Number of protein chains: 2
Amino acid sequence: MIDQIEPRRRNSGMARDSNRGRLVEVLRRQGPLPRVELARSTGLSFPAVSGLTSRLIAEELLCESDTAATSWSDDPDEEDVNGRRRGRPAVLLTLNPEFGRIIAVSLRMNLIETLIADFSGSSLAQSRLEIATRALDTGALCDLVIAQIDAMLEATATPRHRLLGIGIALQGIVNADTGRHLWSPALSVTDIDLAKPVRQAFGAEVVMANDAVAVALGLCAAEPSLAQGLSATIMVGHGVGMGVVVDGEARWGAGASSEIGHIKLGSNGPQCRCGQRGCIEAHLADYALYRDARTFLDLPPAASQQPSEAQMALLRERARGGDPRLEHLFQQAGRALAEAVAATISVLRPHHMILAGPGLQAFDMMRHAYEERLEQAVLPWLLKSTAIYLRPSESAAIVEGMVRRTLRVVDRNHMEATE
Amino acid sequence: MIDQIEPRRRNSGMARDSNRGRLVEVLRRQGPLPRVELARSTGLSFPAVSGLTSRLIAEELLCESDTAATSWSDDPDEEDVNGRRRGRPAVLLTLNPEFGRIIAVSLRMNLIETLIADFSGSSLAQSRLEIATRALDTGALCDLVIAQIDAMLEATATPRHRLLGIGIALQGIVNADTGRHLWSPALSVTDIDLAKPVRQAFGAEVVMANDAVAVALGLCAAEPSLAQGLSATIMVGHGVGMGVVVDGEARWGAGASSEIGHIKLGSNGPQCRCGQRGCIEAHLADYALYRDARTFLDLPPAASQQPSEAQMALLRERARGGDPRLEHLFQQAGRALAEAVAATISVLRPHHMILAGPGLQAFDMMRHAYEERLEQAVLPWLLKSTAIYLRPSESAAIVEGMVRRTLRVVDRNHMEATE
DNA sequence: TCTCTTTAATTTATTAGGTGAAATTAATAA
DNA sequence: TTATTAATTTCACCTAATAAATTAAAGAGA
């Protein structure tokens, strides 16, 4: 039923695997639960859970949920028709939504999405700003992000001291050690430190992440089966990125994100945005497909090399209309995707391989070439031991995932702060 | 000086991060240390260390080392010329070599190496058996391995109950979940369970690992700087494999080893042993180089497609003699190696990238093509953030690494067993 | 030689945070 | 109303840490 975590008795204090922290983690993952169930899933004794929760309630981190109607048990035998059983009814505990709020920002080519959520992870408000991001310099970008966050705080009447954390997902390359943002196709500036000014402006923890990592976390949070073992999520869209998640967490050597899009398919190939030639991205990303299609097709020019969603939809429509040159283009993209999957499986041997992002809306046209190449490019038994999923997720997955990631960091900080 | 590990106070019992376990781990890594130093590097208090060590000594896991002459401090200011300081002299503690013994076996193409070590990791005896491994069936293989282990026990007068663990490193593919050995170029049989019969024969824990992983662990143990962060070790020899080590441990999603050798360089290429075409291994492994060289050169045939060390030495000698066709072959191998490194860096973004194995004895001839291709194939800033090391290690590294790996498992089992 | 200083290790009292068993509480069923 | 049931809390105790004080073993100096 609910996964029985190995009990870790008689330890304490040390933050992330303190029993306090584990209670919060379980509640975060499995929603409102009564104390008995918390004891079962953490392996702690009832008295321990009782004591810990009463302290957490005193700190206002938890609260007793009055929606006693919702049932937490999966076993229908234990309930009568009203969802009520004999005996003292269980009191459901939840993360107290009023404990504080967090903000998630997704920064992409020509688009800044912002979302504010309460401590339980429910969205309170969100905004979407279309703007020519490549035209911004470092200062303007910071100001813009800060203004967006401010607008969200104001819209939900959130005083600044209630803001617990800010998560920023970026398309591009984030150095996990320094937190600096090295390069992004969405920006003309490079090697900027976005975290620091935002942290100074709000005095809240700022969490940076690659957008593929954010999507990967969002997907793993949504489907518990993906949160077990090693999962690799390839994001196909404006670029081709990858996020790696181990047991539902984005812990990794050097930053959880991979530059899979810049593996080369041959020593000579189409020009990639990165300056090198023959990158997987240069066959598969939307800008590459659109650019190549325009060499033989009459299509409207893309603003700053970046086709809009509408323009990509138009391209797909034309391809489905039966143009053999376009068909060939998408077949090429399918092969490039297969190579990305093959390299990932060969190097990482993940349990789960997830293909996500808007680029997969054209997967029907890539499928044949993709499957054909994949079979040639991966050892059969290796392919067999990896489950491949298609999730042509919409952009909301990024902020969703970023909310989860930010909350996890906020939880940890609080556990460390209160010893 | 000695790296200060974050103290993890007031927890216990739970095996692998119990404080007992951490003491053993520190001693395993840093050799004989006095109690004061143990307290410093674990962050525990003196009384805690005192109590824990006295219990470990009672269990005969530790002992007081009488080699008081050796100095454990790196700071020369704190010592006088004799290596002695004022005050009560420190009593060095060591892992008690007499606590038990372990055996490491390396199973490769036409070669079985076996080594027996005491609990402190010092080698006591070893053997080397050349035999046509591909001629063996499952039963004969098991019998052979068991006989080799028996011979080692006898040679060192080790009673069976003193054998704490057996580590077996195999060239090929090990399924970490089931422990079964799926495929190896050294064997004609597939999907065999070597661990079970050996475990039954000796009643000791059996640890299986890929040979590249064993080498990776051995290298990380030998050079502490490699044990920090994510390190990827590519082994070039009879095949091309990779081992991934995170913070000195071989923990990984699906088994710590990678099938990097079977990433494809193009959709059509030379035939690989695995049955597919264009694998990196088919350009880089010794059998491929030798096979291709024989198409235009008069060389003695290799026994069961596997050239001997002498034959490979001959090939290198001829190539250095200046045959342009051989030069081209090794350049091709250099490019294949560059692609392997490029794919690894792009996917994993490791802190350390180690190139190891006998195949690198020809690296001087591959170097130019390797460096040229590497620069084209990896994003420059990504290449810059990865340190690449050359370690054309000899075969001893495999058993060395396997000893470390086996001892770690044995330590853990003991910690769990004694609560 | 005897004492002082220094450093290592241990003893003692205390504390944090867990445990199991039993008591308490709040509901349904009879 | 009373029995039954299940969730939660109380109580007494236990383990493994800590801090402070003590003991141990050496060199240095009179």
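Note on naming: letters A, B, ... go to the chains in the order of the sequence lines (proteins, then strands), and numbering restarts at 1 for each one. Predicted model only: the values in this text are computed from it and were never measured.
- Counting only heavy atoms from C-beta on, Arg35(A) has its side chain closest to dT9(D) among dA7(D), dT19(C), dT9(D).
- Among the nucleotides dT18(D), dT10(C), dA9(C), the one closest to the side chain of Leu44(B) is dT18(D).
- When distances are taken from the side chain of Arg55(B) to each of dT19(C), dA9(C), dA16(D), the shortest belongs to dA16(D).
- Side-chain contact annotation: His352(A) with Gln228(A), donor-acceptor N/O pair under 3.5 Å absent.
- In this structure, CD of Glu64(B) is placed 15 Å from P of dA24(D), rounded to the nearest angstrom.
- Rounded to an integer number of Å, the gap from CG of Asn19(A) to C1' of dT19(C) is 12 Å.
- Rounded to an integer number of Å, the gap from Arg20(A) CZ to dG18(C) C1' is 15 Å.
- To the nearest angstrom, P of dT15(D) lies 15 Å from CG of Leu52(B).
- A salt bridge between Arg20(A) and Glu59(A) is present, with a side-chain N of the basic residue lying under 4.0 Å from a carboxylate O of the acidic one.
- Using a 4.0 Å heavy-atom cutoff across all strands shown, Val49(B) reaches no nucleic acid atom at all.
- Between the P atom of dT28(C) and the CZ atom of Arg86(A) lies a distance of 11 Å, rounded to the nearest Å.
- Listed pair Arg88(A) / dT4(D) fails the phosphate criterion, with no side-chain N or O lying under 4.0 Å from OP1 or OP2.
- For Ala48(A), the side-chain atoms get nearest to dT19(C) when compared with the rest of dA17(D), dT19(C), dT8(D).
- Between Ser54(A) and Gly87(A), the residue anchored nearer the 5' end of DNA chain D, judged by the nucleotide with its closest heavy atom, is Gly87(A).
- Taking only side-chain atoms of Ser50(A), from C-beta outward, the nucleotide of dT8(D), dT9(D), dT18(D) with the closest atom is dT9(D).
- Using a 4.0 Å cut-off between charged side-chain N and carboxylate O, Glu64(B) and Arg35(B) make a salt bridge.
- Taking atom CG of Leu38(B) as the reference point, atom P of dA8(C) lies 12 Å away to the nearest angstrom.
- Geometrically, Arg162(A) does not engage Phe99(A) in a cation-pi contact, judged by NZ or CZ lying under 6.0 Å from the ring centre and within 45° of the ring axis.
- When the nucleotides dT9(D), dA7(D), dT11(C) are ranked by their closest atom to the side chain of Pro47(A), dT9(D) comes out on top.
- dT8(D) atom P lies 11 Å from atom CD of Glu37(A), rounded to whole Å.
- Within 6.0 Å of the CD atom in Glu60(B), the count of heavy atoms belonging to other residues, nucleotides or ligands does not exceed 12.
- Straight-line distance from the CG atom of Leu56(B) to the P atom of dA9(C): 15 Å, rounded to whole Å.
- Listed candidates were dA8(C), dA7(D), dT19(C). Nearest to the side chain of Val36(A) is dA7(D).
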